[in-house]
Each structure stands twice: as C-alpha cells, then as structure tokens.
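What follows is a single structure, written as structure tokens, with notes after it.
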Amino acid sequence: MEILEIETRPIEGQKPGTSGLRKKTHVFMSPHYLENYVQSIFDGIGGVGGKVLVLGGDGRYFNAQAAQVILRMAAANGAAKVIVGVGALMSTPAASHLIRKRGTDGGLILSASHNPGGPEEDFGLKYNMPNGGPATEGVSDRIHAATQTLTRYKIAETADVDLSAPGQARLGRMEIEIVDPVEDYAALMEELFDFDALEALFKGGFSMVFDAMHAVTGPYAKAILEGRLGAAPGTVINAEPKPDFGGGHPDPNPIWAKPLVDRMMSEDAPDFGAASDGDGDRNMILGKGIYITPSDSLAVLAANAHLAPAYEGGLKGVARSMPTSAAVDRVAEAMGISCYETPTGWKFFGNLLDAGRATLCGEESAGTGSDHVREKDGLWAVLLWLNILAASGKSVAELMEAHWQRYGRNYYSRHDYEDVDAGVAGEMVEELREQLGTLPGQKVGGLTVESAEEFAYDDPVDGSRSERQGLIFGFEGGGRAVIRLSGTGTVGATIRLYLERLETDPAKLGDDPQEALAPVIAAAEALAGIKARSGRDGPNVIT
Ligand code: G1P
Ligand code: ZN
C-alpha cells in the first residue's frame, strides 16, 4: 500500500453549518473537495494517528465512494482502526451509540440528513466526537480553520475494501471492522424499552405504519418492529435505502411525508403512524386522525417517559432548542425539574446530557432524543411512544387531548421561505436587529410588541457563549415569533419563521394551528416583511 501526499489548496466555503458540512453532491465530488475536508477534520481534531473511528452514512448517492476515500485517508493518516457499517451504512443515532459503546475517538457520518440525495442534490459529512455527539462549535471552528490553510492531504493508493458483509479487513496497518449496523442499536433499544409489552401490544391487534422514506432507518425499523416485536409484515414501508431516496425529500413532515399523513387521516387508518428521515435521527408521530407536532411530542414524552423502563426513575431535566415551543416547559414546571433553552442544533445538548442535567431533549424540527446517545433518534422516539401507548392503554389522540387539557396547548407552526437571495435575507436580519431596542410598545399588524431580543446562550456546563442565535419577538397576549436563518441549506438562504401561542382555556381549544396563530402570523409579517422582501406569496413549507 503506497501512501501519497497530494498537494492541494484551501477550498472556499468548507465551513460546517448546523450539522456538519453540506453541499451539492457535485461539489463534494469535485477534485480534492472531499479529500480536503476529510484531511481538515483529521487535522482539526489533532490528527488520527493511533485512533479508532466509526464510519457510516445514510446511503445517499456518493456514500459508498466517499466511504472508500475516507478509509484510504484514515489509513494514510495512521489511524489504528475504523469500524464501518456493512455497505458503509449506519444511521446517525446508531453511529452515536457505537462511538460510545466502543469508546472510540469519534466518527464520521456521511449524510445531509433530510435533504434530498442524488447527483443533482445534496451530500454531507459530519464529525462526531468521542462522546458520540456532533462536533461542538469549538471543534467545528478548528476544522474550518484547517480547511483554510490546507496544503496537502494523505491518501493510500489501494483497491476498494469489500464492505458487503460483516468481517475484518486491513488497509496497510489499519484494521477495518465491518459490522452489522443494526445489531448494537437494536440491543440498546431492547434495554431501554419494555419489548415484551410492545410484543403483546402488536399481538393484541395494534396496527401501525412506519415510513422509512427509502432512507437508512428501513433496515432498523424492519429488524426491530417486524422482526423483534412482531408487527405485521409490511408495517415498515419504503424500507429499502436508496441513493436518491426514491426521488423524494427524506424529511418526515406533513409536506414530504404526505402520503403517510393522508393514510393516517383516512377512515381505515392504523392506530399509529411514524416516519424517519435520511439518516434516521428525525421522527414524525401520528395517530388515527391526528398529527403530533414535534414540540408537543417532546412534551408528551417528557410527561409520560416514566412509563418506559429506562426512565422509570424520572427525568433529571429536559432541554429544548429556543425555537421549539414551550409545551415541554410546562411539563418540567409541573414535575419540578429544570428546562434548558439552547440554540438550534443538537450539538448544544451534548454538555447538558454529559453533565447529567437533562435526560430528554428535543427540537421543533422533528428531533427528539435522550441521554441514551448524543444525537436525536427517530426510531427511539417511535419506540418510546409505543411503550407509552402500551403502558397507558390510551390512543395517540386520547393522550394528546388529555395533555392539552392538563397543560394547555401551545399552538405552533414553522414557516420556511427557502432559496431566498442570501443578501436579502441577511439584510432583513440586520435591519430587525437594529430595531430591537425600539420595537417594544409598538403595534405591528394588530398586536403590540412586548419584547424583542436576539437569543444568546451561555452554556451552563462549559461557560461558552453562542451569540446571534435567532431574533425573538414577544407579543402582548402571549404570542411569540422567532426568526432565524437556516444553517443547513445548500442554496441561497432559508428564512425560518417560528410561530407560537399558548391557549390554556379548554373551551377555546380548536383544531387548526394556522387559524389559532393568524394574529401572530400577521404581526410577524408586518414586522419583518418576509413576503415583500422575498417576493413570495407565502412560505414554501409549513410545518
Ligand atoms: C435544521 C433544524 C435544526 C436541526 C438541524 C439538523 O437546522 O432547524 O433544528 O438541528 O436542521 O437536523 P437549520 O437548517 O434550521 O439550521
Ligand atoms: Zn437527520
């Protein structure tokens, strides 16, 4: 095996966003692009000499080739061992678990999450740390700094490694362990949940559909739901991971998983519906005739987690990203536990989980998780819901209704304006930022602004500060609008507008969040003028 040192030059724009580096696939496939970034990860974490890494991905187009490049580069950079999933597949939560279980020096995950895949679509690469969680801002900054000074990368010249079955291989002195990507993860789920009760639930005729959206969770869901728990064959649909996710967006929300939503709203809907995203960390939860928002799901899970074996001792605390609704705050208050509000992105939960301050975490973007790994975990959320349904004997709708009656309902919606001119979006944020001091007391679109601030987070564990994490506008009467720019898009800018209003009067609980939020939506538009600035009639995606 010959080790080559290839001369290269820094490539512009290799700055990790909310979750690793995401670019168009053809950009990642362009000369030196992937190699430069991989070498920068290695350099940014202090080299990989003698280290052990986990490697896997969501199976999207270029996944398999990129994995081979990473193996050759790890070998050339002196790594001791890489543990890789069969076919270079591994869900993000499973990778997080494997990093922790084997005590490795971290891992590389090939994924652009819920973004579509294919030669014309998106690709991504993220580094996870030895705690199994996404690279912190500090580490991401070092990786980015390395991309800006890079002059060479190291790569071994060798044939592709056969990753088609579990086993051992070598590249020079580097050991490669090829593992079944499902096995360890399934064993962990069995430790956390009451599998006997779940098996009995399915035996008793409980029906569900799990839409894997042609992404990586297919094999996991099949093995656990159909294989281990005895759910009817065919429960898991779109179960085969495909390089282009069957041409869809593997994003489990009412827009991209519409066929599932339609089925759950139909007369002959099964008892439970769920979906997961490209790399298996997001989830969507539905009951017969009801869609559960991710913010509500977090709150219901927090209120009922004690029904599952892993959490029967209670929760140490909960955490949510700032734009996520305050539904879980009300549960935490009732339980007398802490509720932390963090910036968007799972990396901000890591310290709280490591320090034992939080047990459950969640984001409005369909991410829920716990201290069992250091990533959000789609299938885990589904299994916790199932465990709660089995233990309580209630339906999804009954649980949700009872929850709203007890805690009130935080009406919630997110409006996305995608692919807006980056200059226009940046200018909007700048202008709003300048007005923050003068907005309180002003009337906008029928509501009076009560507070206007920019979110900054002081990590209570390591004392680090993260600024400019979103603009928050509070309105008299309790409404809230948050505006921030996405950090995961690959074209232009995506403006995210998060809307929320709490209703505690049981007599006023209605069905349509857009209706319940109409005054807040109007006030936000009057304030920010997103439609006018972007030249759009409305958001591209409403969740
Ligand atoms: C989005 C979500 C965020 C999530 C991230 C990675 O980031 O909003 O909650 O952690 O994807 O899945 P954004 O594009 O908003 O920066
Ligand atoms: Zn994801």
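Throughout, numbering of the chain's residues begins at 1 and tracks the sequence. Start at 1 and go down the list; that is how both ligands and their atoms are numbered.
Centroid-to-centroid, the aromatic rings of Y61 and F123 stay 6.0 Å apart or farther.
T488 OG1, 2.4 Å is the protein heavy atom nearest to atom 14 (O) of ligand 1. Scanning the protein heavy atoms around atom 6 (C) of ligand 1, the nearest turns out to be K376 NZ, 3.5 Å.
Below 4.0 Å from some heavy atom of T344 lie the following atoms of ligand 1, by number and element: 3 (C), 8 (O), 9 (O). Proximity to R496 (heavy-atom distance under 4.0 Å) selects the following atoms of ligand 1: 8 (O), 13 (P), 14 (O), 15 (O).
Backbone and side-chain nitrogen or oxygen atoms of S365 are examined, and one is located within less than 3.5 angstrom of a nitrogen or oxygen of ligand 1. Between G487 and ligand 1, a contact under 3.5 Å exists for at least one N or O pair. Among the atoms of S113, none of the N or O lies under 3.5 angstrom from an N or O of ligand 1. Residue R484 places at least one N or O, backbone or side chain, under 3.5 Å from an N or O of ligand 1.
Between the side chains of T217 and S276, at least one donor-acceptor pair of N or O atoms lies under 3.5 Å. Checked by atom type, the side-chain pair D279/T92 shows a donor-acceptor distance below 3.5 Å. Side-chain contact, H372 with D377: a donor N or O sits under 3.5 Å from an acceptor N or O. K316 and S338 form no side-chain donor-acceptor contact under 3.5 Å, judged by distance and modelled atom types alone.
Remark: the backbone N or O of N253 is not paired with any side-chain donor or acceptor of D251 at under 3.5 angstrom.
A salt bridge does not link E525 with K531: none of the charged nitrogens is closer than 4.0 Å to a carboxylate oxygen.
Per residue D277, closest N, O or S atom to the Zn ion (ligand 2): atom name OD2. When you scan the N, O or S atoms of D279 for the one nearest the Zn ion (ligand 2), you land on OD1.
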Would you check, one step at a time, whether the test side-chain hydrogen bond (donor to acceptor under 3.5 Å, both in side chains) holds for T147 with N36? CA-CA 7 Å; T147 68; N36 266 28; over 6 Å; no
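The shortest non-hydrogen separation linking L485 to A425 is CD2-CB, 3.9 Å.
Nearest residue to atom 1 (C) of ligand 1 from R282, R22, H114, E363 is R282 (criterion: closest heavy atom).
Between the OD1 atom of D281 and the OG atom of S113, the angle taken at the Zn ion (ligand 2) works out to 160° after rounding to 10°.
In this structure, G345 is part of the shell of residues with a heavy atom less than 4.0 angstrom from ligand 1.
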